[in-house]
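Data block below; observations after.
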Amino acid sequence: MPSLPARLFQFIAASLTICRTAAAVTAGRTWSARGAGIYAMGIRATGIVLAVALTATAGPSSLAQPARSVLGGAQLGPVTGLPMPRFVSIKSSPVNVRGGPSTNHQVAWVFVRRGVPVEVTAEFENWRRIRDVDGDQGWVFHTLIDGERMVMVVGPDKAAPREGDLAKLHFAPDGASDVVALVEPGVIGTLVNCGQGWCAVRMGPHEGFMRATSLYGIYEREAG
């Protein structure tokens, strides 16, 4: 637990959420979750957010249809015509992630929390291959993902993560502005917009700005 100012109100999750559990058809592994929360500064303290911790393995399938290139080198999905890769979020819970684009393929892992940001890396008919924060890939049915942009806190700097580090949610897109909350890695929030290295986000009951380098679910070009 970090040393926080006396004026800090601490709201800590009373229980842990298992973000993903291994399906029985896999090697029998299970994934444990880390506790996580938002430590809100001063009178802004009003709630908590549970974390999700993601670790699993699922190999990509060779059935993916090739992406189409357009002017400027951008890639478009062969089924949807949408940019690819692109970030989306898990729409519901639970969501089975399979080793290939059909229900005949084994379940590699299960998302048990909605809103987790993932990246679409391939399309095949009604199936989408997704990649998670750990770089693991698998296939989900297209109705199980949503275009709503979500982000996951990965620490003060995702290029150099350290266990237990807290990311700062600021009142304004300025490192000198008031800190609204301190947020643990694994917390999920809604992405509003990004620019000049900062992203406006909603984390539970809190709204503010976080450095883009603290978040998974956005591209460097979006951060500005």
Side-chain angles (χ1 to χ4, degrees), residues 11-23 31-40 46-56 58 80 82-98 107-121 127-155 158 161 166-167 169 180-194 199-219 222-223:
F11 293 85
I12 304 176
S15 61
L16 299 178
T17 297
I18 298 229
C19 174
R20 301 192 304 194
T21 56
W31 288 267
S32 62
R34 290 177 292 181
I38 297 175
Y39 305 92
T46 56
I48 59 173
V49 174
L50 290 177
V52 290
L54 307 180
T55 49
T80 63
L82 296 173
M84 197 173 68
R86 64 183 180 276
F87 278 108
V88 296
S89 57
I90 297 299
K91 188 175 183 178
S92 58
S93 172
V95 168
N96 292 333
V97 183
R98 297 180 180 273
V107 175
W109 75 83
V110 178
F111 281 109
V112 295
R113 184 177 180 183
R114 69 173 301 275
V116 178
V118 293
E119 192 177 17
V120 174
T121 60
W127 293 81
R128 307 292 178 261
R129 188 177 67 196
I130 60 172
R131 177 165 55 208
D132 70 4
V133 65
D134 294 317
D136 300 315
Q137 298 194 69
W139 292 84
V140 297
F141 199 68
H142 72 106
T143 58
L144 300 178
I145 55 177
D146 196 307
E148 182 180 16
R149 294 292 298 275
M150 308 294 286
V151 289
M152 178 184 293
V153 175
V154 292
K158 61 187 173 187
L166 299 178
L169 184 67
V180 176
L182 297 175
V183 188
E184 287 188 351
V187 171
I188 292 174
T190 302
L191 177 65
V192 179
N193 55 55
C194 294
C199 292
V201 296
R202 289 192 291 269
M203 297 281 177
H206 308 288
E207 296 184 8
F209 295 84
M210 190 169 287
R211 293 187 186 276
T213 53
S214 299
L215 301 169
Y216 171 80
I218 61 171
Y219 294 107
E222 295 177 306

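Everything numeric in this text was worked out from a predicted model, so none of it was measured. These values consider heavy atoms only, across backbone and side chains, with no hydrogens, waters or symmetry-generated copies.
Taking 4.5 Å as the limit, some side-chain heavy atom of Leu169 sits within range of a side-chain heavy atom of Val201. You'll find the side chain of Ile145 stays beyond 4.5 Å of the side chain of Lys91, heavy atoms only. At a threshold of 4.5 Å between non-hydrogen side-chain atoms, the residues Trp109 and Asp132 count as touching. Taking 4.5 Å as the limit, every side-chain heavy atom of Glu184 sits out of range of all side-chain heavy atoms of Val153. Under the 4.5 Å side-chain criterion, counting only non-hydrogen atoms from C-beta, Met203 is in contact with Val187. Between Val120 and Pro85, the closest side-chain pair of non-hydrogen atoms is not below 4.5 Å. Counting heavy atoms from C-beta outward, Ser92 and Leu144 have side chains that approach closer than 4.5 Å. Annotation: side chain of Val97 is not in contact with side chain of Trp139 (no heavy-atom distance under 4.5 Å).
When all heavy atoms of Ser89 and Met150 are compared, the closest pair comes out as CB-CG, 3.5 Å. Shown here for Ile218 and Arg149, the closest heavy-atom pair between the two residues is CA-NH2, 3.7 Å. Here the closest non-hydrogen pair linking Val133 and Met152 is CG1-SD, 4.3 Å. Here the closest heavy-atom approach between residue Pro185 and residue Val154 is recorded as CB-C, 4.1 Å. Taking every heavy atom of both residues into account, Val140 and Asn96 meet most closely at CG1-O, 3.6 Å. Taking all atoms of both residues into account, the shortest heavy-atom contact from Thr80 to Arg128 is CG2-NH2, 3.4 Å.
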Do Val151 and Phe87 pass the side chain to side chain contact (heavy atoms under 4.5 Å, CB included) test, and can you show the C-alpha distance, the side-chain angles, and the key distance before you say yes or no? CA-CA 9 Å; Val151 289; Phe87 278 108; over 6 Å; no
Ile90 vs Arg113, side chain to side chain contact (heavy atoms under 4.5 Å, CB included): CA-CA, chis, key distance, verdict: CA-CA 8 Å; Ile90 297 299; Arg113 184 177 180 183; over 6 Å; no
With side chain to side chain contact (heavy atoms under 4.5 Å, CB included) as the test, would you mind laying out the steps for Val88 and Asp146 before giving the verdict? CA-CA 6 Å; Val88 296; Asp146 196 307; over 6 Å; no
Report the C-alpha distance between Tyr216 and Glu119 in whole Å, list the side-chain angles of each, state the deciding distance to 0.1 Å, and finish with yes or no for side chain to side chain donor-acceptor pair (under 3.5 Å). CA-CA 10 Å; Tyr216 171 80; Glu119 192 177 17; 4.6 Å; no
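Under the 30°/60° scheme for interplanar angles, the aromatic rings of Phe141 and Trp127 are found to stand perpendicular.
A donor and an acceptor atom, one from each side chain of Arg114 and Ser93, are nowhere located under 3.5 Å apart.
Atom CZ of Arg86 has more than 12 heavy atoms from other residues, nucleotides or ligands within 6.0 Å.
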